[in-house]
> 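Take a look at the following structure, please.
Atoms considered below: every heavy atom in the structure, side chains included; atoms not considered: hydrogens, waters and symmetry mates. We count ligands from 1, going down the list as the structure has it; atoms in each ligand are counted the same way. Count residues from 1 along the sequence.
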Amino acid sequence: MEELERLVLRELLLSPGPVTCAELAGRLGSPEAAVVEAAGRLAARGYPVEVGGGALRLVPVDDLGEACARAPRLGTRLRFSVLHLQRCGSTQDVARALAERGAGEGLVVVAEEQERGRGRLGRAWHSGRGGIWATVLLRPPRLGPLSLATGVAVARALEVLGVEARLKWPNDVEVSGRKVCGILVEASAEGASLYALVGIGLNVNNEIPPELGGRAVSLREVLGRPVPRLPLLLQMLVELDRVYAELREPGSVLSEWRARSSTLGRVVRVETPEGVFEGVAEDVTEEGALLVRLAGGGLRVFHAGDVVHVR
Ligand code: BTN
């Protein structure tokens with residue numbers, strides 16, 4: 001996606017109603033014809049953008065079922081094919097069953113509701129209506145950086161909504177210190193076929209259970225209005241595709257993760273089955289591990305665990 005398309009999409013997502021082409025061109029400092037062309041390209045690629053009568057608008061489509069027809073038009077390298085379900089146990093399990101039957105890279109299973117949504121470390125994941133609960137099937141050469149890369153993709157997609165998100169190790173996407181999105185990467189390496197199920201749970205217009213209130217947040221709460229889910233899902237797929245291609249250039253996704261991180265440089269407490277450790281979060285590795293300088297001076301590598309930002 002070109003920069004001007006991203007900017008036009010952003011402006012339309014932020015505008016409550018239609019915007020005249022002249023006004024948008026003025027805001028973006030671009031010729032009107034270029035803005036109209038960029039909007040036309042977005043529409044051709046499946047974004048619900050309407051161009052007509054000298055104005056542009058984003059049709060506020062919240063129906064994720066529309067992604068089935070629109071995702072294949074996105075022009076991404078990954079060929080996304082969306083399966084939209086009203087309800088399932090977990091999109092991870094549906095995607096796994098399809099992967100075992102040979103489904104191709106780019107399968108996206110998205111559900112309105114999950115009865116047994118799961119998070120990291122065997123936790124339950126609340127998945128009521130209004131969120132985006134999706135699993136993307138990928139067949140990457142290496143699994144290591146995939147989870148950090150997915151966080152980067154989600155943060156980029158949220159930027160288009162004007163939301164500045166930070167990444168908390170291992171892969172929480174946060175807004176003002178509250179979790180807006182969780183990522184769960186499950187891998188299988190049976191026989192020759194390695195595949196990864198990249199689960200993304202994004203709180204959009206769903207209710208946050210009161211017991212999570214202080215720690216989790218929805219985009220509706222952040223922005224003070226309901227957020228149309230279709231363009232957001234499409235944008236996440238576009239960004240996932242882009243970041244997936246960038247994984248071929250070693251280091252580039254990692255440096256973006258570092259720049260977007262809320263964990264690095266902080267004093268952290270890492271809770272693991274082996275114990276609780278405190279120190280300064282110094283860096284992450286290509287494999288997604290966290291390097292923490294402990295009080296005694298030693299550097300410890302964490303591959304899994306929960307992090308609390310102490311200060
Ligand atoms: C976390 O613990 O932070 C990860 C949460 C991942 C939730 C998503 S929702 C879509 C997919 N299906 C699941 O059951 N889990 C992931």
> Only pairs under 3.5 Å count here: list side-chain donor-acceptor contacts from residues 297-308, not counting sequence neighbours, and write none if there are none.
unit_1	atom_1	unit_2	atom_2	d
Asp306	OD1	Arg120	NH2	2.8
Asp306	OD1	Arg123	NH1	3.4
Asp306	OD2	Arg123	NH1	3.4
Asp306	OD2	Arg123	NH2	2.2

> Under 3.5 Å, side-chain donor or acceptor atoms of residues 243-251 against the rest of the protein: list the pairs with distances, not counting sequence neighbours.
unit_1	atom_1	unit_2	atom_2	d
Tyr244	OH	Glu105	OE2	2.6
Glu246	OE1	Arg156	NH2	2.7

> Judged by modelled atom types alone, do Gln86 and Arg129 share a side-chain donor-acceptor pair under 3.5 Å?
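Arg129 and Gln86 do have a side-chain donor-acceptor pair below 3.5 Å.
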> Looking at Arg87 and Glu115, does any basic side-chain N land under 4.0 Å from a carboxylate oxygen?
yes
> Given a heavy-atom cut-off of 4.0 Å, could you list the residues near ligand 1 in chain and number order?
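Within 4.0 Å of ligand 1, the protein residues are Ser90, Thr91, Gln92, Gln114, Gly117, Arg118, Gly119, Arg120, Trp125, Trp133, Ala134, Thr135, Asp172, Lys179, Gly182, Ile183, Leu184, Gly199, Ile200, Gly201.
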> Do any pairs count as a salt bridge (charged side-chain N to carboxylate O under 4.0 Å, His left out) and have a residue in residues 202-212, sequence neighbours left out, and if so which ones?
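As it turns out, the salt bridge (charged side-chain N to carboxylate O under 4.0 Å, His left out) pairs with a partner in residues 202-212, which skip direct neighbours, are Glu207-Arg220.
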> Side chains of Asn171 and Ser147: do they bring a donor and an acceptor to under 3.5 Å?
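There is such a pair (donor and acceptor under 3.5 Å, judged by atom type) between the side chains of Asn171 and Ser147.
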